[in-house]
Amino acid sequence: MERMSLDPEIAARLKRNPEGLVPAIAQQYDTGEVLMLAWMNDEALHRTLTTGRATYWSRSRQEFWVKGDTSGHVQHVKSVALDCDGDTLLVRVDQVGAACHTGERTCFDADVLA
C-alpha cells in the first residue's frame, strides 16, 4: 500500500511518544460513551481522516488495523479532535457492535475501580 502523508500543519501540532504514537480515545458521538483507547501514528491518523474509518497502529502486531475489518464492529468516524496539549486524540465515532476485543460494547465496563 502506498504510504500516505498527514497534513503538515496537523503533524506539527502532534506530541508523540518515543515510538511516534499518540493515544486515541474512541467515543460514541451521540451518547458520549467512552469506548476504547488505541494508538495512532501519523499515517493512521491520515487514513482515519481521509477514509472515515477509524484506523489504528497495533503495537503488538506492528501493523495498521482498521476497526471492524475482521470483526465487523466498524467505527464510522464523525469527528477527530486534538486536545489542548497536542498529545491525545478524541475520535468521535458511530460504533457498530462491540468496541472491545472481548466482545463488550466498551473496554471500560469490566473493572470499575470506584
Side-chain angles (χ1 to χ4, degrees):
M1 175 177 277
E2 179 184 335
R3 190 162 179 84
M4 301 177 211
S5 296
L6 183 62
D7 179 319
E9 289 184 24
I10 296 172
R13 296 178 59 198
L14 294 176
K15 292 182 184 165
R16 300 160 193 80
N17 71 8
E19 291 78 38
L21 302 173
V22 177
I25 300 166
Q27 179 184 44
Q28 178 63 35
Y29 82 100
D30 54 353
T31 65
E33 179 182 30
V34 176
L35 301 170
M36 57 179 270
L37 178 129
W39 296 88
M40 289 186 178
N41 60 16
D42 287 20
E43 188 169 345
L45 178 55
H46 176 78
R47 291 180 186 192
T48 297
L49 293 171
T50 57
T51 67
R53 293 273 311 277
T55 303
Y56 302 105
W57 177 254
S58 171
R59 295 178 300 163
S60 60
R61 295 187 312 266
Q62 294 290 296
E63 65 184 17
F64 295 102
W65 57 283
V66 179
K67 184 68 175 165
D69 269 2
T70 56
S71 68
H73 299 163
V74 176
Q75 290 179 345
H76 298 285
V77 177
K78 298 294 185 176
S79 68
V80 179
L82 185 59
D83 79 336
C84 59
D85 294 324
D87 62 3
T88 305
L89 296 162
L90 178 62
V91 184
R92 292 184 183 104
V93 301
D94 189 10
Q95 177 70 50
V96 176
C100 188
H101 71 280
T102 64
E104 297 295 322
R105 170 77 181 164
T106 171
C107 294
F108 296 100
D109 276 349
D111 201 8
V112 178
L113 303 178

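For clarity, every value in this text was computed on a predicted model and none was experimentally measured.
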Whether over 12 other heavy atoms sit under 6.0 Å from Q62 CD: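 Count over threshold, so yes.
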So which heavy atom on [X] is nearest to which on [Y], and how close?
X   : Y    : result
L35 : T106 : O-OG1, 3.2 Å
P23 : D87  : CD-O, 3.2 Å
L14 : L89  : CD2-CD2, 4.3 Å
M40 : T55  : CE-O, 3.4 Å
A98 : H73  : O-CB, 3.0 Å

Are side-chain heavy atoms of [X] and [Y] found at a separation under 4.5 Å?
X   : Y   : value
D42 : R16 : yes
F64 : S58 : no
L82 : I10 : no
Q75 : V91 : no
V80 : T48 : yes

Residue from N41, L49, T50 passing side chain to side chain contact (heavy atoms under 4.5 Å, CB included) with L6: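 For L6, the side chain to side chain contact (heavy atoms under 4.5 Å, CB included) check succeeds only for L49.
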Nearest 0.5 Å, please: how far is [atom2] in [Y] from [atom1] in [X]?
X   : Y    : atom1 : atom2 : result
L90 : Q27  : CG    : CD    : 5.0 Å
T31 : Q95  : OG1   : CD    : 10.5 Å
D30 : R92  : CG    : CZ    : 12.0 Å
W39 : E19  : CH2   : CD    : 8.0 Å
L37 : F108 : CG    : CZ    : 6.0 Å

Residues R13, E9: salt bridge by 4.0 Å N-O rule: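 The answer is no: the pair does not qualify as a salt bridge.
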Under 3.5 Å donor-acceptor, K67 side chain and A99 backbone: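 Pair found, side chain donor or acceptor close to backbone of A99.
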Mutual orientation of the aromatic rings belonging to W65 and Y56 [parallel < 30°, tilted 30-60°, perpendicular > 60°]: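 Tilted: the ring planes of W65 and Y56 meet at 30° to 60°.
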Joint hydrophobic cluster, Y29 plus M36, side-chain heavy atoms closer than 4.5 Å: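 Y29 and M36: separate clusters.
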